[in-house]
Amino acid sequence: MTDSNPKADIKRVDPTMNPSKANPKLSKEQQQVFIDANTPRRNDPEATSWHDTVYQILSSTWLVSVLSVVFAFIIGGILIIAANAEVHVAAEHFTENPGGFFAVCWDTFAKAYFSLFSGSVLNFNGADFAKMIEPLTSTLTRATPLIFAGLGLAVGFKASLFNIGGQGQIVMGALLSALIGFSFDLPAGLLLPMCVIGGFVGGAFWGFIPGILKAKTQANEVIVTIMLNYVALNFIRWALLNPVYQKEGQNVPIAKPMSENAIYPKVFGAAFTTNFSFIVALIAVAVVWWLVNRSYLGFEMRAVGLNPFAAQNAGIKVNSIYLWTMIISGGLCGLAATSSVLVPGTGVSQDVASTFGFDAITVALLGRSNPIGTCLAAILFGALKAGGYVMQAQTQTPIDVVQIIQALVVMFIAAPPLVRKIFHLPQPIGKDILEEVA
Amino acid sequence: MKLELKGITKNFGDFRANDNITFTAESGKIHALLGENGAGKTTLMNILFGLLRPDAGEILIDGVVQKFSGPNDSMASGIGMVHQHFMLIPVFTVAQNLILGNEPVKSLGVIDIKTARKSVKDISDRFGFDVNADDLVEDLPVGVRQRVEIIKALSRDAEILILDEPTAVLTPQEISELIQILKQLKEAGKIIIFITHKLKEVQEVADEITIIRRGQVVGSAKPSDSESEMAALVVGRKVSLTTDKKPAQPSEVALEFKNVSLVEKTGAIRLQDISFQVRKGEILGIAGVQGNGQTELSEVLLGLLHPTQGDIVLNGKSLLKMSVKERLNEGVGFIPEDRNLYGLVEDFSVEENLVLDSFDRLPYGKFGSIKPKAIRASALDMAQKFDIRLFNVADKARSLSGGNQQKVVVARELNRPLQLFVASQPTRGLDVGSIEFIHQEIVAQRDNGLPVLIISTELDEIYDLSDRIAVMYRGHIVGIVDSSTDRSTIGLMMAGIDPSQSKTGKAA
């Protein structure tokens, strides 16, 4: 409470807070000279509420993350049962045969999740080993863009930046990656890495904009990134009708196909969809882990994220950290584009970003913005996507249930006290008590 | 009325925060609970206020055992608490805050704000609080916010008023106003429990003193007892309240401020033509009432603010064009005035905080990568050398007590090769034992031949450490005097009157 902020309006960087308001009750002279405003800045709800929420999510225990997923699946299961036609029939005969009703419920529940599992991990009915593990490779394929974009979000969270611009950064990454991919005639050993780097650079450029605006003008990155999503989306619509991108002889937005040398090779052979971008994603996990936990930049990012004032006092250039974090965050999101752009076929399309940029928020939060946790969360979400289709086909369970489960996961991880209450977990020791103990 | 605590015991895991605490407080008396940070005072008060339940022991009011299952119960029994961190909503008026959580409702669910305003006025008039019911809390200075908290407690008919470290956030003037208020409340027959670690305040305000150390009552004292007797009880050993130091051996000028001014674009003058020199081997203390430009002075020195005029020279080099990092590399050691906000990343581990400004140099980092093993080894070393009491250097800095947090900041700054040591409010909010330790460290730096600049609003601290004293008032230096100058002269200077000039005025 001794925080005083009499000089926010001078040159001091005041990254998260509003400049202190002038005090109307004081005389003009008092205002002119020295006001020990004693404004409690960190308690200013307007300034810090979402920072606090995100921080709370990221600092809760692993157990909460795991239980959130478990609980989301349980509720999802109830919805599956409620949506099932056979269950409706059995419910009508509930009074005559209650045991039968519960048997049908259990049957529906088990079948749905079994098909989800067999569609995302292991197909027990597969003719050969390749067919059996095909679902797993499908999961990894779908997880790959989420790993990249999730890492991008996670890096942002470390510096307390909320990059909602994943969508736009993916689009820009895709455009640059594709441009390189169909414009140059180079050997694969050169062209493919160039395309991957192009994806990073495209996304990084789209992260640079909110980064530089935040660094120079304290513009809120949340708002800028949201708006840049729209800019990117309209830009790709325009670009795909432009001769640079548009395939010759087309009047619809169809892009030029990639050069053969810009295609990711398959990881597990031609039979499976998983391409080399998955390996690049795993490398990115390792690099981000090093970046966050071991590099100078990561140390500075974490310090800035937790207390920009102390970081600044320790000689860390807070604004340049914001800028670099946004560049890296955007670049990782841009890499997400490469896994669907650098494939044979029609080339970049205007829905290249799908909902990866938004799903990445959930993925990074579920993974507690830890690179390995984020990777695992992305694989879980990839499995939900891969298995969802199979579940729909085999059990007529609407695929929307999968989206509901994802939404419930977000809801529960955003409310750790709720999960604790449901599972009777002990309250973590409060800050005041810790202070007293020490 | 009589409040008794009998054998209160509270454990957190293996840690016994309160061990068989017993004391009695009576109406019309101010009862001080004195103890170091972390002695268990706040736990005890949270038990009394119903926020925590004791593992053993009981609370009696007028001989009746009380069972509190929450603050509402304790409030119903007439206990009111003024927390160290105020529980007020800044955008609400005083009256709105007063009824918060207990809103009187007229018909149709309309809140009866009139009664609340009247209640603020009545209490404010009765005790001379000078609080206006319609002021927004965010516009009020801290001292007045605290009075709002007191009014809030009194409006719920509190007979027992607990104040947790009430002076920690107040300026000296506000402290004396608070003490007046407490004396009035005492005369009105309230029981006042005053929690603090400051000996001077206890002597000034308390009628009875209970001293707590490591969760136990270690004795009681009278206000007439000497400070050093009380300090010995609080800390558990004899402490020196003044720092022993040899006469300074100043050599050449190291730091020089040359006509430094800082004027905002709005025309507000923050610093005005500041000039002074600090020599190697001497301590220059900067005294002044808080908010007279000391913060700005320290920040232009570190490079957080940029002066609009003048120059700052360290060992012949101008610092002005340098970034914060470059200045730290030049050997500026800096203890910021607010350690929680500017000194520490509280959610970083202790070891990370110990390298916050040196993680990117050997032995802590190499080729862009930090070296956790080297950081750990050095942290363990520093924790021992600076007597930082902790369980584990990997624990968050947040979990340390204020004194130990400040030792982390001091250890970090002194661990680098320094050319200048600057400390702003180095012991604010610290207990006697930590103050003693930090003062000794500062004097040791001077004796090693460093130029030292101390900025403090505590005149005791200025006298205790300084070889020369500069007094700031409204952004300029009123004068620089020898530390043998008496308090009344310094006091006049703090009010902006330069005694040397007024003397010549008389002579003429």
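Keep in mind the model is a prediction, meaning the values are calculated, not measured. Each chain gets a letter, A, B and so on, in the order its sequence line appears, and its residues count up from 1.
With respect to chain A, the highest number of heavy-atom pairs below 4.5 Å among B/Lys265, B/Lys366, B/Arg16 belongs to B/Lys366. Ranked by heavy-atom pairs under 4.5 Å with chain A, the first of B/Asn353, B/Val355, B/Leu356, B/Leu390 is B/Leu356. Heavy-atom pairs under 4.5 Å with chain A were tallied for B/Leu344, B/Val324, B/Asp360; the largest tally goes to B/Asp360. Ranked by heavy-atom pairs under 4.5 Å with chain A, the first of B/Gly303, B/Gly402, B/Gly368, B/Gly365 is B/Gly368.
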Run the numbers on A/Phe299 and B/Tyr364 for ring pair (Phe, Tyr, Trp, His ring centres under 6.0 Å), then give the verdict. CA-CA 12 Å; A/Phe299 187 93; B/Tyr364 311 118; over 10 Å; no
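Atom CG of residue A/Asn313 and atom CZ of residue B/Arg339 lie 14.0 Å apart, to the nearest 0.5 angstrom. One finds the CZ atom of B/Phe359 at 9.0 Å from the OG atom of A/Ser295 (value rounded to the nearest 0.5 Å). Within the model, atoms OG of B/Ser369 and CG of A/Leu297 stand 12.0 Å from one another, a figure rounded to the nearest 0.5 Å. Rounded to the nearest 0.5 angstrom, A/Asn307 CG and B/Leu341 CG are separated by 5.5 Å. Atom CZ of A/Phe309 and atom CG of B/Leu304 lie 11.0 Å apart (nearest 0.5 Å).
Counted within 6.0 Å of CZ on B/Arg361, heavy atoms from surrounding residues, nucleotides or ligands total more than 12; the atom is thus considered enclosed.
Using a 4.5 Å cut-off between heavy atoms, B/Phe348 touches chain A through backbone and side chain atoms alike. Contacts between B/Ser323 and chain A at a heavy-atom distance below 4.5 Å involve the side chain alone, from C-beta outward. Residue contact with chain A, scored on non-hydrogen atoms closer than 4.5 Å, involves the side chain of B/Leu302 exclusively.
For residues 325-333 of chain B, the interface with chain A (any heavy-atom pair closer than 4.5 Å) comprises B/Lys325, B/Leu328, sorted by residue number.
You'll find the side chain of B/Glu352 reaches within 4.5 Å of the side chain of A/Arg302, heavy atoms only.
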